[in-house]
Amino acid sequence: MENTLSDRKKRILNAIIRTYLDTGEPVGSRTISKDTDLKLSSATIRNEMADLEELGYIVQPHTSAGRIPSDKGYRLYVDSLMEEKEREVSHMQELMIERADRMESVLKQVVRVLANNTNYATMITSPQFNRNKLKFIQLSAIDENQILAVVVVEGNIVKNTMIEVDESIDQETMLKLNILLNTHLTGLTLEEINLGMISKLKEQAGIHSGLISRVLDAVAEAIQLDEDDLEIYTSGATNIFKYPELSDNEKARELISTLEEKQQLVNLVNEKLSDENKNGIQVYIGNETPIQTMKDCSVVTATYELGEGMQGTIGIIGPKRMDYENVVNTLKTLMVQLDEIFKPKDP
């Protein structure tokens with residue numbers, strides 16, 4: 001029957017459901033005419049509501065002149081909402097995959113050119129989102145005991161989490177939980193979701209406070225930096241043989257192993273991201289570096305930014321007698337070039 005509804009009827013039905021979810025009171029035509037941007041008269045809305053009632057999308061309680069949604073009305077609302085969100089999420093994922101493929105190709109080329117131009121070992125990380133903000137949450141029932149929580153954070157990164165529940169949750173409650181979560185959390189960083197806000201959310205969720213806790217855990221997981229998603233590209237490891245003080249067999253083997261295995265490089269990246277001066281260029285000389293195998297080296301790192309809180313780390317590893325001026329100038333130039341390469345193009 002959905003296809004028989006005009007766009008105007010759908011918009012009026014949506015307005016009735018949203019108002020009823022917010023107030024819990026039957027909704028009259030005068031309320032809809034005042035509280036929405038439909039720009040329709042009460043008489044027109046009354047006629048449309050009469051049609052919606054005849055079609056079974058809304059019902060009139062005996063004690064009130066207003067209307068409330070029927071199960072059929074909720075079903076149409078939920079299906080339309082889910083379809084819209086699925087389109088949004090699908091579009092976001094397509095854009096991110098396309099951007100990620102291009103980015104990987106560029107970063108691999110950048111790290112090779114950097115190694116050739118400096119004659120040192122080089123590394124660059126894929127960009128990560130620092131202090132992500134939550135964009136929206138969508139809860140939907142998979143079956144009686146499972147809920148899918150779709151969490152979308154800044155940069156349109158999508159995380160899906162399955163949540164086990166003890167009993168099924170009806171459509172109206174699910175909609176209220178979605179509205180509750182998005183009203184209070186959208187646009188916040190993890191640091192801004194404090195204990196007071198969590199307590200308030202749980203109080204408003206009532207018997208479903210346990211579900212709210214698990215959703216908040218999913219939000220925290222989506223927002224936090226995921227090291228498994230961190231790609232590190234390296235190049236020029238054999239350049240270290242050009243410097244006698246680094247070409248000792250054991251030292252060289254350990255250094256090359258560090259650059260190839262990359263796990264220890266995560267420590268360097270984390271140190272860089274947690275540094276208060278992370279947006280500048282940082283020089284680690286000898287023992288200052290957090291990586292044991294690089295104690296005989298100098299490491300120069302820089303943070304490149306691509307907007308929306310998206311940051312990555314560039315690193316150059318060489319002897320302590322490296323040409324610092326050239327390295328710093330090269331990194332400054334590269335930071336600007338990466339910003340230009342990945343800056344969103346105007347339509």
Side-chain angles (χ1 to χ4, degrees), residues 100-128 130 225-275 277-278 280-306 310-335 337-338 341-342:
D101 287 345
R102 176 169 173 255
M103 194 169 287
E104 180 180 2
S105 174
V106 170
L107 294 180
K108 284 181 177 178
Q109 183 179 351
V110 163
V111 80
R112 283 196 300 269
V113 171
L114 196 56
N116 290 335
N117 289 350
T118 61
N119 278 319
Y120 303 130
T122 58
M123 58 161 278
I124 192 166
T125 72
S126 58
Q128 299 293 301
N130 191 37
L225 176 65
D226 188 348
E227 290 182 7
D228 292 338
D229 292 339
L230 181 67
E231 291 288 346
I232 301 179
Y233 308 102
T234 60
S235 186
T238 56
N239 281 342
I240 64 175
F241 289 113
K242 297 176 181 178
Y243 308 98
E245 63 268 45
L246 299 179
S247 59
D248 170 87
N249 282 343
E250 186 63 23
K251 287 181 182 177
R253 185 183 64 78
E254 289 181 351
L255 192 48
I256 289 175
S257 175
T258 298
L259 290 165
E260 287 179 347
E261 292 176 8
K262 302 176 185 177
Q263 186 53 48
Q264 289 187 67
L265 295 179
V266 173
N267 298 335
L268 182 64
V269 174
N270 287 339
E271 170 106 354
K272 178 68 179 172
L273 289 177
S274 63
D275 195 296
N277 300 312
K278 62 189 176 187
I281 291 177
Q282 183 76 39
V283 180
Y284 302 91
I285 300 173
N287 288 321
E288 295 172 353
T289 178
I291 301 179
Q292 183 63 39
T293 55
M294 295 183 180
K295 298 301 184 184
D296 294 314
C297 304
S298 279
V299 181
V300 184
T301 62
T303 300
Y304 68 90
E305 296 193 41
L306 305 181
M310 202 176 189
Q311 298 176 327
T313 301
I314 316 165
I316 296 178
I317 303 102
K320 294 177 186 177
R321 60 187 173 93
M322 70 162 55
D323 185 344
Y324 293 99
E325 184 178 1
N326 178 50
V327 166
V328 170
N329 286 338
T330 299
L331 286 177
K332 281 183 176 176
T333 302
L334 186 56
M335 288 160 68
Q337 288 174 339
L338 283 170
I341 290 170
F342 294 115

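The basis for the numbers below is simple: all heavy atoms, side chains too, and nothing from hydrogens, waters or symmetry mates.
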Could you tabulate the donor-acceptor pairs under 3.5 Å formed by side-chain atoms of residues 110-125, not counting sequence neighbours?
from: Asn116; atom 1: ND2; to: Arg112; atom 2: O; distance (Å): 3.4
from: Thr118; atom 1: OG1; to: Leu114; atom 2: O; distance (Å): 2.8
from: Thr118; atom 1: OG1; to: Tyr120; atom 2: N; distance (Å): 3.3
from: Asn119; atom 1: OD1; to: Lys242; atom 2: NZ; distance (Å): 2.8
from: Tyr120; atom 1: OH; to: Asp323; atom 2: N; distance (Å): 2.9
from: Thr122; atom 1: OG1; to: Val111; atom 2: O; distance (Å): 2.9
from: Thr122; atom 1: OG1; to: Ser235; atom 2: O; distance (Å): 3.4
from: Thr125; atom 1: OG1; to: Thr313; atom 2: N; distance (Å): 2.9

I need the [X] [atom1] to [Y] [atom2] distance, nearest 0.5 Å.
{"X": "Asn287", "Y": "Asp296", "atom1": "CG", "atom2": "CG", "answer": "8.5 Å"}
{"X": "Ile256", "Y": "Thr293", "atom1": "CD1", "atom2": "OG1", "answer": "11.0 Å"}
{"X": "Leu331", "Y": "Ile316", "atom1": "CG", "atom2": "CD1", "answer": "4.0 Å"}
{"X": "Ile232", "Y": "Leu107", "atom1": "CD1", "atom2": "CG", "answer": "12.0 Å"}
{"X": "Tyr304", "Y": "Ile314", "atom1": "OH", "atom2": "CD1", "answer": "7.0 Å"}
{"X": "Ile240", "Y": "Glu245", "atom1": "CD1", "atom2": "CD", "answer": "11.0 Å"}

Are [X] and [Y] close enough that some pair of their side-chain heavy atoms sits under 4.5 Å apart?
{"X": "Thr289", "Y": "Cys297", "answer": "no"}
{"X": "Met322", "Y": "Tyr243", "answer": "no"}
{"X": "Leu259", "Y": "Met294", "answer": "yes"}

**Item:** All salt bridge (charged side-chain N to carboxylate O under 4.0 Å, His left out) counterparts of Lys108, not counting sequence neighbours
**Value:** Glu104
**Fill in**
Arg253 meets the salt bridge (charged side-chain N to carboxylate O under 4.0 Å, His left out) criterion, sequence neighbours left out, with Glu250
**Item:** Flag if over 12 foreign heavy atoms under 6.0 Å of CD, Gln109
**Value:** no
**Request:** For Lys320, look at atom NZ and say whether over 12 heavy atoms of other residues, nucleotides or ligands are found less than 6.0 Å away.
**Result:** yes
